[in-house]
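The figures here come from the full heavy-atom set of this structure, side chains too, leaving out hydrogens, waters and symmetry mates. Note that this is a predicted model, so its numbers are computed, not measured.
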Amino acid sequence: MKPSFILLLILCIQAFSLVQSINSSSVSPPKITPLPSNNDTVYKISKQLCWNCVGEAFQFLFAHNIVRAAKWEWPLTYDTQLEKYAQWWAGKRQSDCELRHSFPEYEFKLGENIYWGSGSDWKPSDAVRAWAEEEKYYNYPTNSCAQGQQCGHYTQMVWKTTRRVGCARVICDSGDVFMTCNYDPVGNYVGERPY
């Protein structure tokens, strides 16, 4: 098959997946710790203020699945429950833009990648590209990362059993950008290869 046909096929799968996720409530959501009670209000207001949220969701999903396709992994589907969780955490980081995970270290209930960019022009594809660039530090034969480098963002993106993703992007009070994506099922198990 020609590469352009494969890209078109992936694009069609992504569009179908995103529409199904947005329009269908029959997909069973991942088990997530309940959000604070005021999150529903914050989320609804954020959605009203976000003119391009569906577009951003598609950008996150498509960029992830291009990376996964390179490793012959199944494409992810977009999950609005994970997006709500990501939006909640991004909202918490909006005041300080601190590059901090939502779970205490080693207590992850979901996979999570976070990104910070100086200035307000950073897009979903920029975050996904930065995470994917960690591949150059990952050594598959030894299942290890180069000393002093990070690989966990990349390996979570391509983790073989992960099926769903939901993401959020906010412009912080400082004018910088914070983005986060959550994954289910979680990946990065010690001693296991991502693919």
Side-chain angles (χ1 to χ4, degrees), residues 1-15 17-18 30 55-79 82-83 85-86 89-90 93 97-103 105-106 108-119 121-169 176-195:
M1 283 193 257
K2 294 183 178 179
S4 59
F5 176 75
I6 293 171
L7 188 57
L8 180 62
L9 180 62
I10 290 172
L11 183 61
C12 290
I13 291 169
Q14 298 316 303
S17 169
L18 183 60
E56 284 186 354
F58 183 77
Q59 291 173 39
F60 276 118
L61 183 64
F62 185 73
H64 273 83
N65 285 333
I66 290 296
V67 175
R68 289 178 67 85
K71 297 301 176 192
W72 296 96
E73 290 301 325
W74 284 103
L76 298 175
T77 59
Y78 199 80
D79 188 289
L82 292 174
E83 178 189 46
Y85 184 85
W89 185 244
R93 299 280 54 91
C97 228
E98 186 180 347
L99 201 54
R100 194 170 111 198
H101 285 286
S102 66
F103 298 101
E105 193 169 353
Y106 304 113
F108 286 94
K109 309 256 186 290
L110 300 168
E112 186 172 73
N113 283 348
I114 54 177
Y115 175 88
W116 168 85
S118 178
D121 293 332
W122 300 97
K123 304 293 181 228
S125 58
D126 296 318
V128 174
R129 184 180 314 107
W131 299 328
E133 285 175 356
E134 292 179 1
E135 179 183 13
K136 64 186 169 194
Y137 302 120
Y138 177 68
N139 183 315
Y140 185 82
T142 62
N143 192 29
S144 63
C145 193
Q147 188 173 3
Q149 301 298 328
Q150 289 187 358
C151 298
H153 301 103
Y154 165 71
T155 54
Q156 174 57 81
M157 286 175 51
V158 296
W159 198 262
K160 59 190 165 202
T161 58
T162 297
R163 294 292 175 255
R164 292 172 294 283
V165 65
C167 305
R169 174 186 178 273
D176 296 338
V177 171
F178 179 86
M179 290 184 259
T180 180
C181 288
N182 289 101
Y183 306 84
D184 185 66
V186 67
N188 286 338
Y189 288 101
V190 175
E192 291 186 27
R193 284 184 164 73
Y195 45 84

Please confirm whether the backbone N or O of [Y] pairs with a side-chain atom of [X], one donor and one acceptor, at under 3.5 Å?
X	Y	answer
R93	H101	no
T162	D184	no
T180	N113	yes
N65	P75	no
W74	T161	no
D79	V165	no
R169	A90	no
R163	T77	no

Query - Which residues share a side chain to side chain contact (heavy atoms under 4.5 Å, CB included) with E134, sequence neighbours left out - result: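 Once residues adjacent in sequence are excluded, the partners of E134 under the side chain to side chain contact (heavy atoms under 4.5 Å, CB included) criterion are Q150, H153, Y154.
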
Requested in this report: Applying side chain to side chain donor-acceptor pair (under 3.5 Å), name anything that partners R129, two or more places apart in sequence or on another chain.
Outcome: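 So R129 forms a side chain to side chain donor-acceptor pair (under 3.5 Å) with D126.
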
**Report entry** Side-chain donor-acceptor pair present, N139, S144, cut-off under 3.5 Å
**Finding:**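 Distance-only check fails for N139 and S144.
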
Query raised in the report: So how far is it from Q149 CD to Y138 OH, rounded to the nearest 0.5 Å?
Result: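 Atom-to-atom, Q149:CD and Y138:OH are 15.5 Å apart.
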
Report task. To the nearest 0.5 angstrom, please state how far the CG atom of L76 sits from the OH atom of Y183. Result ->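 If we round to the nearest 0.5 Å, L76:CG and Y183:OH are 8.0 Å apart.
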
Query raised in the report: Can you check whether F60 and Y78 have ring centres sitting under 6.0 Å from each other?
Result: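 No: the rings miss the under 6.0 Å criterion.
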
Requested in this report: For residues K160 and E73, report the shortest heavy-atom separation together with the two atoms involved.
Outcome: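 That would be CA-OE1, 3.3 Å.
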
**Report entry** Shortest non-hydrogen separation from S125 to A63 and the atoms involved
**Finding:**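 The pair with the smallest heavy-atom distance is CA-CB, 4.5 Å.
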
